[in-house]
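Order of listing sets the numbers, starting from 1, for every ligand and every atom in it.
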Amino acid sequence: MTSANVHRLAVALLAALLVGCHKSGPGETAAGDSSSAARTKIRVGFSQIGAESDWRKANTESIKSEAAARGVELIFSDAQQKKENQIKALRNFIVQDVDVIVLAPVVKTGWEPVLKEIRDAGIPVVLTDRRVENEDLYRTFIGADFVEEGRRAARWLVDATGGKAVIVELEGTPGADPAIDRKKGFHEVIAQYPEMKVIKSQSGEFTRAKGREVMETFLKSPEGPSITALFAHNDDMALGAIQAIEEAGLKPGEDILIVSIDGVYAAFEAMVAGKLNCTVECNPLLGPQLFDTIEDILAGRDVPKWIKTEEGVFTRETAAEDIKHRRY
Ligand code: GYE
C-alpha cells in the first residue's frame, strides 16, 4: 500500500469514528459532511406528479407520513403535472446526493436520459404509482394493475347493462400509464359485446373541472341524447361529469350509468347518494410498502420488478356500509 493510500484509509476510519460519536438532529448531517456515507438518516428524493385528484392527495399524505414515522429525510417535489419539472427535480436529487430516488412519472415516455444520469450517479430508482417504458432503468415498480382495473370496470358495465350500452369515455392524462392501460383493459372486454359501443373518448386530465367540461360537450353533441353509460378513468372526472349530467337535467346513476376508478371517499358519498354506480379500487396508500422496499434495496436485498397492490370493486348497493371502512 502506498503512503497516500494509507493516509486515505486513516482519514476514512477517522470519519467513520466521528460519525459514530456525533448524534445528528432531524435533517442534520454528521460532522458537517453531507455525503451519503456520512449521514445517519436515509435521504429520499420523491418527485410527485401534482395534486390533481383526491387519489393523488391521499398518496402524497401516505408517503409523507410514513417517511416521518420512520425518521426518513424526504425531499418532496410537486411537479404540477409537468414532466419538465420532474426532470429538474430528479437532477436536483442527484446534486443533493440522495440515497434513493422515488419517481411517480406523469407520462410513460421520455425518461431515458435523466434515468441514465441517475444510474451513472449510482442512485437506485423506485417507481411508484406509474411506470416508464425503460424497464432496465429502475429497480422496482410499486403500483396497481391498470389493465385489470379497466377490465373490471368493463365487466361491471356488461353485467349492469346486459351487454348493451352507448358509452362515453373520459380518459386520464394523455400518455400516462394508467390512462393507456385502463383504456386497453376496458376496450378489450367491451370488444367482445357487439351491442356495447364507445362513441366518444376524450381526456379529462384526471381532474373534476375537466371531467365536467368534457362531459358537457359530450352531452351537447348531436349524439348526446343517445348516451347511456360513462366510463371515467378516475373518480374525480366522474364527479365532475355528474355535475354536468345534472346541469343537463338528467339523473346520473339512472339515465346514465357511471363507472370509474380509484375508490376515493367522495366517490363512496356519490354512490350512497345514488349518483355513481360503481368504483373500481386503486389503492393510493403506498407509503408503507414504499419504505419497506427502500429499506430492502439499501440493505442489498432483492426486490421484485413489480410490487402489485391488492384492490376490490365496489357498487352503490353496498356503499352505505362500505363507506364506514374507507381510509382515503
Ligand atoms: O387514478 C388518478 C390520479 O396514477 C393511479 O392518477 C394514478 C391516477 C389515479 O390522478 O386519480
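Contact analysis puts Asp262 in contact with ligand 1, with a non-hydrogen atom separation below 4.0 angstrom. Using a 4.0 angstrom heavy-atom cutoff, Asp129 counts as in contact with ligand 1. The closest approach between Arg182 and ligand 1 falls below 4.0 Å for a heavy atom of the residue.
A side-chain donor-acceptor contact under 3.5 Å links Thr60 to the backbone of Arg56. Judged by distance alone, the side chain of Asp235 and the main-chain N or O of Ala267 form no donor-acceptor pair under 3.5 Å. Formation of a donor-acceptor pair under 3.5 Å by the Asp181 side chain with backbone atoms of Val147 is not found in this model.
With 3.5 Å as the limit, one finds no donor-acceptor pair spanning the side chains of Asn283 and Glu311.
Glu52 OE2, 2.4 Å is the protein heavy atom nearest to atom 10 (O) of ligand 1. Scanning the protein for heavy atoms near atom 8 (C) of ligand 1, the closest one is Arg130 NH2, 3.7 Å.
Both tests do not hold together for Lys305 against Phe141: distance to the six-membered ring centre under 6.0 Å, angle to the ring axis within 45°.
Among the atoms of Arg56, some N or O lies under 3.5 angstrom from an N or O of ligand 1. In terms of N/O distances under 3.5 Å, ligand 1 is not approached by Asp236. Of the polar atoms of Asn234, at least one N or O is found under 3.5 Å from an N or O of ligand 1, judged by distance alone.
Within ligand 1, the atoms closer than 4.0 Å to a non-hydrogen atom of Phe146 are 5 (C), numbered from 1 in the order shown. Listed by number with element, the atoms of ligand 1 under 4.0 Å from a non-hydrogen atom of Pro178 are 4 (O). For ligand 1, the atoms lying closer than 4.0 Å to a non-hydrogen atom of Ser53 are 2 (C), 3 (C), 10 (O), 11 (O).
The residue from Gln202, Lys183, Arg182, Lys200 that alone fulfils the side-chain hydrogen bond (donor to acceptor under 3.5 Å, both in side chains) condition with Glu169 is Lys183.
With respect to Glu213 and Arg208, no salt bridge is recorded, no charged nitrogen being found less than 4.0 Å from a carboxylate O.
Taking each heavy atom of Asn277 and Ile258 in turn, the nearest pair found is OD1-N, 2.8 Å.
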